[in-house]
Asks: 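Sharing a structure here in structure tokens format.
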Amino acid sequence: MMVPMARDLAIDLGTANTLVYMKGRGIVLNEPSVIALNRQTGEVLATGREAWQMIGRTPGYIVAVRPLRGGAITDFEITERMIRLLLQRVGVSRFTRPKVVICVPSAITEVERRAVTDAARRAGAADANLIEQPMAAAIGADLPIDEPVGNMVIDIGGGTSETAVISLGGIVALEAVRVGSFDIDAAIQNYVRREHGIAIGERTAEEIKVAIGSADPTPDENQAEVRGRDLMTGLPKTVILTPEEVRYAIEDVVSSIVASVIRCLSKAPPELSQDFLVRGMYLVGGGGLLRGLAERIERETEVPVKMSNVPLEAVVLGAGHVIEHYEALKGMFMGARR
Amino acid sequence: MPVVVGAIVVLLALAAFFVLAARRRGHPSDDIDSFRRQIDALSPEARRQTSERMKPSDGRSTDDDGANGT
């Protein structure tokens with residue numbers, strides 16, 4: 001297999017998925033942010049999709065983990081190893097050290113910022129800069145952020161939900177909560193455990209969310225058969241879950257996301273607020289694919305909500321655009337002069 | 001002779017000082033140019049090329065893994 005020459009890269013280091021954009025080529029990698037390790041030797045056994053398939057199905061000596069939670073690095077060493085492997089897979093070596101732009105949640109702390117840039121530099125990047133996810137999402141979703149008009153983007157990821165108002169290339173108002181689609185999965189897991197007395201894994205909870213989960217009632221609703229382990233007997237058991245039950249289970253998480261959107265709207269200057277009524281708000285991120293969520297936000301805010309054409313790729317495409325126009329757009333990096 | 005050398009050194013030092021001071025202060029038009037370049041780079045025309053790279057390339061994994069959060 002021919003290993004490509006390393007070019008500058010944009011990385012969407014998400015809690016759920018990692019996407020890599022290579023300058024001049026486009027998206028070259030899109031995989032779950034999971035790494036499988038040998039617990040005894042610390043050796044990396046698998047990353048990405050292969051490691052994701054191992055979650056909850058490994059023998060005692062293997063552990064499949066997501067090194068990011070809530071958009072932040074929870075295990076610096078493992079994250080660094082994951083980034084190193086990702087960069088190797090797209091052709092980075094000690095002789096081809098690219099510039100890297102990494103998308104991070106805007107609410108990231110100074111310590112977390114340093115952890116991400118250090119991890120990228122140690123993994124082989126010549127220079128690592130950070131860009132806020134909502135800004136990258138707005139660029140990638142093709143919103144007219146070069147104009148003096150109010151653009152609102154809602155980015156619902158695996159561990160964070162961020163809403164930003166952007167005008168003339170800068171963030172005007174921002175609201176972020178460390179709640180995302182993984183919290184929806186966890187809420188489903190807890191509900192099934194509490195109400196039906198069976199334990200299910202995080203992958204099963206995610207499958208339930210995708211199959212029958214919704215934030216608002218939808219026209220075609222079906223029940224789902226859920227298989228897990230009976231907490232009393234320890235035996236496999238099947239229960240039926242209804243869409244109403246799932247909505248009830250995830251209500252707290254959904255309300256928290258909707259409340260953060262409302263807070264962001266209330267922070268926006270009045271001149272830009274009126275633009276939202278005409279232009280609407282744009283939903284991006286995997287969490288935004290939850291059925292009925294756009295309708296729910298629209299109902300509670302009375303502002304039209306539109307789904308981006310590229311909800312899963314918007315963030316990395318935006319960061320990719322920054323890498324393509326590095327000199328002109330380097331003022332958009334976190335910590336750069338605005 | 002030492003006086004001439006000393007004068008040259010002082011002149012060079014002063015010149016270097018003024019050049020550095022001018023650079024640090026920056027020219028207002030530099031800021032305007034930089035902002036204009038940023039806005040131009042965010043225009044729909046500039047972004048069209050990046051959007052077109054959405055087409056899957058050789059190394060891109062396209063399988064659906066079921067993990068739909070980001």
Side-chain angles (χ1 to χ4, degrees), chain A residues 4 12 14-17 19 21-22 24-32 34 48-49 52-53 89-91 139-140 142 144-146 155-159 168-169 180-182 184-185 203 206-207 210 284-287 289 310-313 315 317-318 320-322 324-325 327-329 331-332, chain B:
Chain A
D12 175 10
T15 311
N17 292 318
L19 288 88
Y21 179 103
M22 185 178 281
R25 281 192 59 188
I27 298 171
V28 291
L29 192 131
N30 179 359
E31 293 226 322
V34 185
R49 186 163 291 101
W52 178 79
Q53 283 167 344
R89 284 176 60 183
V90 296
I139 300 172
D142 263 342
I145 61 167
D146 56 318
D155 177 14
I156 303 174
L168 278 174
S181 57
F182 281 135
I184 292 177
D185 300 346
R203 278 179 56 183
E206 189 187 357
E207 282 164 16
V210 172
V284 301
L289 297 173
V310 282
L312 300 172
E313 295 90 359
V315 171
L317 278 178
H321 183 74
V322 173
E324 298 281 356
H325 298 81
E327 282 305 316
L329 297 177
M332 301 183 90
Chain B
M1 192 64 176
V3 176
V4 174
V5 172
I8 290 170
V9 168
V10 169
L11 280 174
L12 284 174
L14 279 173
F17 173 78
F18 282 119
V19 167
L20 284 174
R23 272 192 185 177
R24 185 169 292 183
R25 202 180 306 130
H27 202 274
S29 67
D30 290 349
D31 292 343
I32 296 169
D33 288 347
S34 162
F35 179 68
R36 181 48 48 204
R37 275 199 302 275
Q38 180 174 314
I39 293 298
D40 288 347
L42 292 171
S43 68
E45 295 77 34
R47 280 189 277 175
R48 195 162 298 134
Q49 204 179 6
T50 311
S51 305
E52 281 168 8
R53 295 213 170 91
M54 259 305 287
K55 286 176 282 185
S57 49
D58 296 341
R60 185 181 171 191
S61 313
T62 50
D63 300 347
D64 182 15
D65 52 50
N68 70 350
T70 55

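Note that the coordinates shown come from a computational prediction; the quantities given were computed from them, not determined experimentally. Proteins get letters first, then strands, A, B, ... in listed order; numbering begins at 1 in each.
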Asks: What is the minimum heavy-atom distance between A:Leu168 and B:Phe35, and which atoms define it?
Replies: O-CE1, 4.0 Å

Asks: Which region of A:Ile184, side chain (C-beta onward) or backbone (N, CA, C, O), has a non-hydrogen atom less than 4.5 Å from a non-hydrogen atom of chain B, or is it both or neither?
Replies: neither

Asks: Please enumerate all residues that pass side-chain hydrogen bond (donor to acceptor under 3.5 Å, both in side chains) together with A:Glu207, with sequence neighbours excluded.
Replies: none

Asks: In Å, rounded to the nearest 0.5 Å, how long is the span from OG of B:Ser34 to CD of A:Glu327?
Replies: 10.0 Å

Asks: Heavy-atom pairs under 4.5 Å with chain B are the metric here; pick the option from A:His321, A:Gln53, A:Glu324 that has the most.
Replies: A:His321

Asks: Can you tell if the side chain of B:Pro44 reaches within under 4.5 Å of the side chain of A:Asp146, non-hydrogen atoms only?
Replies: yes

Asks: Given side chains that start at C-beta, do those of A:Met332 and B:Leu42 come closer than 4.5 Å, heavy atoms only?
Replies: yes

Asks: Report the residues that fulfil salt bridge (charged side-chain N to carboxylate O under 4.0 Å, His left out) with B:Arg36, sequence neighbours left out, ordered by chain and then residue number.
Replies: B:Asp40

Asks: Shortest non-hydrogen contact from B:Thr50 to A:Gly320?
Replies: CG2-C, 4.2 Å

Asks: So which atom in A:Ala328 and which in B:Arg37 form the shortest heavy-atom distance, rounded to 0.1 Å?
Replies: CB-O, 3.8 Å

